[in-house]
*Asks:* 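Below is a structure I'd like to ask you about.
The first residue of the sequence shown is numbered 1, and numbering continues consecutively from there.
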Amino acid sequence: MSSDAVDTFNELAGDLEYPMFIVTARAGDEPLGCLVGFATQTSIDPPRFAVCLSHANHTYRRGRDASVLGVHCVPADASELAELFGGETGDEVDKFARCSWRAGPGGTPLLDACPNRFVGRVLERLDAGDHDAILLEPVLAEHGTAADEFTFHRAKRIEPGHPAG
């Protein structure tokens, strides 16, 4: 792909607006979590959802063998939570000591501040470049509110807890 095509693609993708998610997992006794922008529903019947985790991310590195992941819709008014999970790294900070949560299926952390969420069983993992795409099958889903979501353009202001690539 030419550098012009890459630049134009990055500009187009950077203009898109979409919701941000917090993905959680567990590795042994360690709860894991990060802010994610690359995620989408991939099928209606059967229900499937894909999330992408950066290879540089602590949640990816420690949780790559997790059998289930929690996917949380981040409410628009939860900017502090988005900052915590997007601007800090689990390599240096215990994010879960700074927020309220409970254990869900497989011990997956469920964040109290994100009542719209689901836990998905990992079906497939695909190397997608500097991220892995992880295909999930919902095993638990909770819809607690009709709140607006925290979006990508707001998240762009968060200084990442690790390099983007």
*Asks:* Is there a side-chain contact between L126 and D132 (heavy atoms, below 4.5 Å)?
*Replies:*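 No; the side chains remain at least 4.5 Å from each other.
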*Asks:* Any side-chain heavy atom of L136 within less than 4.5 Å of one from V51?
*Replies:*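 With C-beta onward as the side chain, the pair touches.
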*Asks:* For E30, is the CD atom crowded, meaning more than 12 foreign heavy atoms sit under 6.0 Å from it?
*Replies:*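 Yes, CD of E30 has more than 12 neighbouring heavy atoms, counting only those of other groups under 6.0 Å.
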*Asks:* Do the side chains of D112 and C99 get nearer than 4.5 Å, heavy atoms only?
*Replies:* no
*Asks:* Roughly how far apart are L110 CG and S100 OG, rounded to 0.5 Å?
*Replies:* 11.0 Å
*Asks:* Are there more than 12 heavy atoms of other residues, nucleotides or ligands under 6.0 Å from atom CD of E11?
*Replies:*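 12 or below, so no.
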*Asks:* Locate the shortest heavy-atom distance separating L140 from P105; write the atom from each residue and the value.
*Replies:*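 The answer is CD2-CD, 3.8 Å.
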*Asks:* In the single-linkage hydrophobic clustering (I, L, V, M, F, W, Y; side-chain heavy atoms under 4.5 Å), do L84 and V23 co-cluster?
*Replies:* no
*Asks:* Give a yes or no on whether the backbone of H55 and the side-chain of H131 come within a donor-acceptor separation of less than 3.5 Å.
*Replies:* no
*Asks:* Distance-only, no hydrogens or angles: does the R125 side chain make a donor-acceptor pair with backbone N or O of I134 under 3.5 Å?
*Replies:*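 Not confirmed, R125 side chain does not pair with I134 backbone.
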*Asks:* Would the distance check show the side chain of H143 and the main-chain N or O of N116 forming a donor-acceptor pair, the cut-off being under 3.5 Å?
*Replies:* no
*Asks:* Check whether R26 reaches the backbone of D29 with its side chain - one donor and one acceptor, N or O, closer than 3.5 Å.
*Replies:*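 Yes; judged by distance alone, with no hydrogens or angles, the pair exists.
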*Asks:* So if you build clusters from Ile, Leu, Val, Met, Phe, Trp, Tyr with side-chain heavy-atom gaps below 4.5 Å, do M20 and I22 land together?
*Replies:*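 Result: yes, single cluster for both.
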*Asks:* Between V74 and F85, is any pair of side-chain heavy atoms under 4.5 Å apart?
*Replies:* no
*Asks:* Looking at P75 and C114, what are the two nearest heavy atoms and their distance?
*Replies:* CD-SG, 3.8 Å
*Asks:* Mark yes when over 12 heavy atoms from residues, nucleotides or ligands other than L12 sit less than 6.0 Å from its CG; otherwise mark no.
*Replies:*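 Count over threshold, so yes.
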*Asks:* CZ/F118 to CD/E142 distance, rounded to the nearest 0.5 angstrom?
*Replies:* 12.0 Å
*Asks:* Measure the CZ-CZ distance between R117 and F21 for me, rounded to the nearest 0.5 Å.
*Replies:* 14.5 Å
*Asks:* Report yes or no: does T108 contribute a side-chain atom to a donor-acceptor pair with the main-chain N or O of G104 at less than 3.5 Å?
*Replies:*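 No: the side chain of T108 does not pair with the backbone of G104.
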*Asks:* Please report the interatomic distance CH2(W101) to NE2(H72), rounded to the nearest 0.5 Å.
*Replies:*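 Reported value, rounded in 0.5 Å steps: 10.5 Å.
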*Asks:* Count the heavy atoms of every other residue, nucleotide or ligand shown that sit under 6.0 Å from CZ of F38, and state whether that count exceeds 12.
*Replies:* no
*Asks:* Is there a side-chain contact between E92 and H58, using heavy atoms and a 4.5 Å cut-off?
*Replies:* no
*Asks:* Donor-acceptor pair, distance only, cut-off 3.5 Å: does the side chain of K95 make one with the backbone of L32?
*Replies:*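 The answer is no, because no donor-acceptor pair under 3.5 Å joins these two groups.
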*Asks:* Kindly indicate whether the side chain of L69, heavy atoms from C-beta on, has any atom under 4.5 Å from the side chain of V119.
*Replies:*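 A side-chain contact is absent here, since even the closest heavy-atom pair is not under 4.5 Å.
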*Asks:* Ignoring hydrogens and angles, tell me if any N or O in the side chain of R102 forms a donor-acceptor pair with the backbone of P109 under 3.5 Å.
*Replies:*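 Such a contact is absent between R102 side chain and P109 backbone.
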*Asks:* Is there a side-chain contact between P19 and F150 (heavy atoms, below 4.5 Å)?
*Replies:* no
*Asks:* To the nearest 0.5 Å, tell me how far C73 SG sits from D148 CG.
*Replies:*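 Between C73 SG and D148 CG, I get 12.0 Å after rounding to 0.5 Å.
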*Asks:* Is C34 close to N57 at the side-chain level, that is, under 4.5 Å between some pair of heavy atoms?
*Replies:*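 Sidechains of C34 and N57: in contact.
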*Asks:* Just to verify, what does R48 make a side chain to side chain contact (heavy atoms under 4.5 Å, CB included) with, not counting sequence neighbours?
*Replies:* T42, S43, P46, L123, L135, E137
*Asks:* Rounded to the nearest 0.5 Å, what's the gap from OG1 on T145 to CG on D77? Could you check?
*Replies:*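 The CG atom of D77 is 8.5 Å from OG1 of T145, to the nearest 0.5 Å.
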*Asks:* Restricting to non-hydrogen atoms, name the atom on V122 and the atom on V68 that form the minimum distance, rounded to 0.1 Å.
*Replies:* CG2-N, 4.2 Å
